[in-house]
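Everything below concerns the one structure shown next.
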Amino acid sequence: AVIRAGQERFPLSKRDIAGIAGQVLLDIRKAVADQQLMSAEYGQALASLAIKTKNVGISAISLADMAVLARPVLKELGIDPSPADMTRIGEGLLAYLPVMQADMEKLAHMDFSPPKLAAVAPPVPKRQVSWRDLFKAWLQSTGGVLETDGFGVSQNRQGPYTVSIAEFEEHISRNPPNEVTIADARRYVAWLEQDSGKAPRTQQGRLTCLKNLLKIGVQRGLVNSNPFAELTIKTPAGLEDQRGYRSFTKEELIAIFKTLKQERLLHYRLVPYILLATGCRLSEATQIRTTDLKQTDSGVWFIDWKHEPTAPLPMLLKTKAKNNRCCPMHPLLVKVGLPKHRSETDARIFPDAPASTAFSQWFKDKLIKLNIYERKKTVLHSIRGSARDLWREAGMPQDYRNAMTGHQSKEVGERHYGKGLMAMPDVVNKELVKVNISWIH
């Protein structure tokens, strides 16, 4: 027995069964009283029952066969009953037939007073709003799916929401969202903090997902309350002092890149060079297309990072078009051969690069073998910090550093007037070439 809302199922109670059976007979009585034809769905259900009666005889008609009359009501409520519940609905119809007969006799004698069946049968069950319904409402509130519509949230950002829902249902409650209590929400927080094994930041992310879904549900009248609204994850004492990745030392970088030269796969061999020379994010490096490699009139090679979510080969940047930038290539990138992958035919330079999580795990394994790994301190993202430190040591001004990574200037005039340094690879390159990282190669 189920009420299906999206892909989720909730149990039908005895009262639900009675309400469905009663509604079927009340709809029939109303059609007779108003001298109106039944809906097409009822007509199809009656025709189906009549055909089966003609073929097998009235004595062979089962309770489940009778329940076919409830199909229109079930469809309207979004209910997908099991075979067992179809039998139970048939039993309900049979139990209400004497009351229905008496109501029909009243009509025959021109008695249009409220039918007794309306007082006997409970109301039909309400369609339960599901987590999937709330997820859909959240997607609509964001404007759409980035890869499809060109705006909204990316598919990657949707993942944590589905994971949070699955975790909550597995460990806390399978009740529909409107029946989730504050006690359920507190138990979820306790499970995240004590049993999930996830970092506090990840825990807070999971909680925020459910908090956002219920917030949208309340705003749109889909649920009555948001039991997650006032809850948060406690950060253990001292953890804030330990947060943040550290940059690699010069000696560590030399050791890392020495071992990377032995890698057979192009993405493992070349992507770390891109990270160090440009300070970009891993996802930005692995998405680079052959047509993104360009050269200015003066001969400066640069990577044209441009947010294009709906392109045949999408380019997704973290802060969308705000991250658009023409990032000059450090001479080291030219030396290791990145410009050689330039082509007029649009293709990924690293088509076989693994997802970010797998790529980071591969790098972690390298650090462990080199005895450089420090938990939550030295990771692949540490290369980004190393790049910025190298720029600072070389005296590169902050605006130029921001132009390399796509960070916005704090100055309003720099942000809103003129094309800015992010569109001037020749100018930025004059500062970039001052950064000496020849010792890497």
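Computation of the quantities below employed the complete heavy-atom set of this structure, encompassing side-chain atoms and omitting hydrogens, waters and symmetry-equivalent molecules.
- At least one test fails for K294 against the ring of W301: distance under 6.0 Å to the centre or angle within 45° of the axis.
- A distance of 6.5 Å separates CD1 of I303 from CG of L293, quoted to the nearest 0.5 Å.
- Here the shortest heavy-atom pairing between D346 and R289 reads OD1-CB, 3.4 Å.
- Here R342 pairs with E344 under the salt bridge (Lys or Arg N to Asp or Glu O under 4.0 Å) rule; sequence neighbours left out.
- Among all heavy-atom pairs drawn from T87 and L63, the shortest one is O-CB, 3.8 Å.
- With N226 contributing its side chain and L214 its backbone, the two residues share no donor-acceptor pair below 3.5 Å.
- Side-chain contact between V218 and N224: absent, with no pair of heavy atoms (C-beta onward) separated by less than 4.5 Å.
- Side-chain N or O atoms of T290 include none that pairs as donor or acceptor with a backbone N or O of H341 at under 3.5 Å.
- Rounded to the nearest 0.5 angstrom, T142 OG1 and Q158 CD are separated by 7.5 Å.
- Scanning both residues, F248 and V379, for their nearest heavy atoms gives CZ-O, 3.6 Å.
- More than 12 heavy atoms of other shown residues, nucleotides or ligands fall within 6.0 angstrom of atom CZ in R384.
- Between F135 and W138, the ring planes are tilted. Angles from 30° to 60° get that label.
- We find that E193 and K198 are not joined by a salt bridge, their nearest charged nitrogen and carboxylate oxygen being 4.0 Å or further apart.
- Looking only at distances, no side-chain donor or acceptor of H267 sits under 3.5 Å from a matching main-chain atom of F350.
- Comment: E91 does not engage K14 in a salt bridge, judged by the lack of any side-chain N to carboxylate O separation of less than 4.0 angstrom.
- Within the 4.5 Å cutoff, no side-chain heavy atoms of H330 are placed close to those of T278.
- Residues V129 and P177 share a closest heavy-atom pair of O-CD, 3.0 Å.
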Quiz item: What do the steps show when you test V180 against W131 for side chain to side chain contact (heavy atoms under 4.5 Å, CB included), and what is the final call?
Solution: CA-CA 11 Å; V180 172; W131 287 110; 4.1 Å; yes

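- In summary, R401 and E431 do not engage in a salt bridge, as defined by a charged side-chain N under 4.0 Å from a carboxylate O.
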Self-check item: Working for salt bridge (charged side-chain N to carboxylate O under 4.0 Å, His left out), residues R174 and E179
Solution: CA-CA 10 Å; R174 291 189 177 275; E179 295 180 11; over 6 Å; no

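- Checked by atom type, the side-chain pair Y373/D365 shows no donor-acceptor distance below 3.5 Å.
- Between N429 and D426, every side-chain heavy-atom pair lies at or beyond the 4.5 Å cut-off.
- Using a 4.5 Å heavy-atom threshold, the side chains of M424 and C326 count as separate.
- Atom CG of N371 has 12 or fewer neighbouring heavy atoms from other residues, nucleotides or ligands inside a 6.0 Å radius.
- Here CZ of F257 is found 5.0 Å from CD1 of I383. Values are rounded to the nearest 0.5 Å.
- Looking only at atom types and distance, the side chain of T378 has no donor-acceptor partner in the side chain of R246 under 3.5 Å away.
- E308 is not listed as a side-chain neighbour of P314, based on a closest heavy-atom distance of 4.5 Å or more.
- Put simply, the side chain of S343 gets close to the backbone of T345: a donor and an acceptor are under 3.5 Å apart.
- Taking the six-membered ring wherever Trp is involved, the centroid distance between the rings of F363 and Y268 does not fall below 6.0 Å.
- The line from CG of N402 to CH2 of W391 is 9.5 Å long, rounded to the nearest 0.5 Å.
- A 6.0 Å sphere centred on NZ of K340 holds no more than 12 heavy atoms belonging to other residues, nucleotides or ligands.
- Salt-bridge formation is not detected for the pair K136/D133: no Lys NZ or Arg NE/NH1/NH2 atom is positioned less than 4.0 Å from an Asp or Glu carboxylate oxygen.
- We find that E263 and K366 are joined by a salt bridge, their nearest charged nitrogen and carboxylate oxygen being less than 4.0 Å apart.
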Quiz item: So V334 and L338, side chain to side chain contact (heavy atoms under 4.5 Å, CB included) or not? Walk me through it.
Solution: CA-CA 6 Å; V334 178; L338 181 58; over 6 Å; no

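- From I254, atom CD1 reaches atom OG1 of T249 across 8.5 Å, with rounding to the nearest 0.5 Å.
- Between the side chain of E284 and the main chain of R281, a donor-acceptor pair closer than 3.5 Å is present.
- G279 and A387 make their closest contact through CA-CB, 3.9 Å (heavy atoms, listed as atom of the first residue, atom of the second, distance).
- For the pair L213 and I165, the minimum side-chain heavy-atom distance is below 4.5 Å.
- No side-chain donor-acceptor contact under 3.5 Å links Q262 and R269.
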Practice problem: Apply side chain to side chain contact (heavy atoms under 4.5 Å, CB included) to L74 and I20, showing your working. | Solution: CA-CA 8 Å; L74 295 171; I20 292 166; 3.9 Å; yes

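- Counting only heavy atoms from C-beta outward, the side chains of S164 and Y161 never approach each other to under 4.5 Å.
- Taking a 6.0 Å sphere around CD of E76, one finds it holds 12 or fewer heavy atoms contributed by other residues, nucleotides or ligands.
- A donor-acceptor contact closer than 3.5 angstrom links the side chains of S62 and D65.
- N324 CG to D304 CG: the interatomic distance, rounded to the nearest 0.5 Å, is 8.0 Å.
- G90 approaches A67 most closely through the heavy-atom pair N-CB, 3.8 Å.
- Side-chain contact between L380 and L367 is absent, with no heavy atoms from C-beta onward closer than 4.5 Å.
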Quiz item: What's the verdict on side chain to side chain contact (heavy atoms under 4.5 Å, CB included) for N323 and H307, showing C-alpha distance, side-chain angles and the deciding distance?
Solution: CA-CA 7 Å; N323 259 155; H307 183 66; over 6 Å; no

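- E169 places no side-chain N or O within donor-acceptor distance of the main-chain N or O of S173, the cut-off being under 3.5 Å.
- Because its NZ or CZ atom is both nearer than 6.0 Å to the ring centre of W305 and within 45° of the ring axis, R325 counts as a cation-pi partner of that residue.
- Aromatic ring pairs are classed by plane angle as parallel below 30°, tilted from 30° to 60° and perpendicular above 60°; the pair F228 and F168 is perpendicular.
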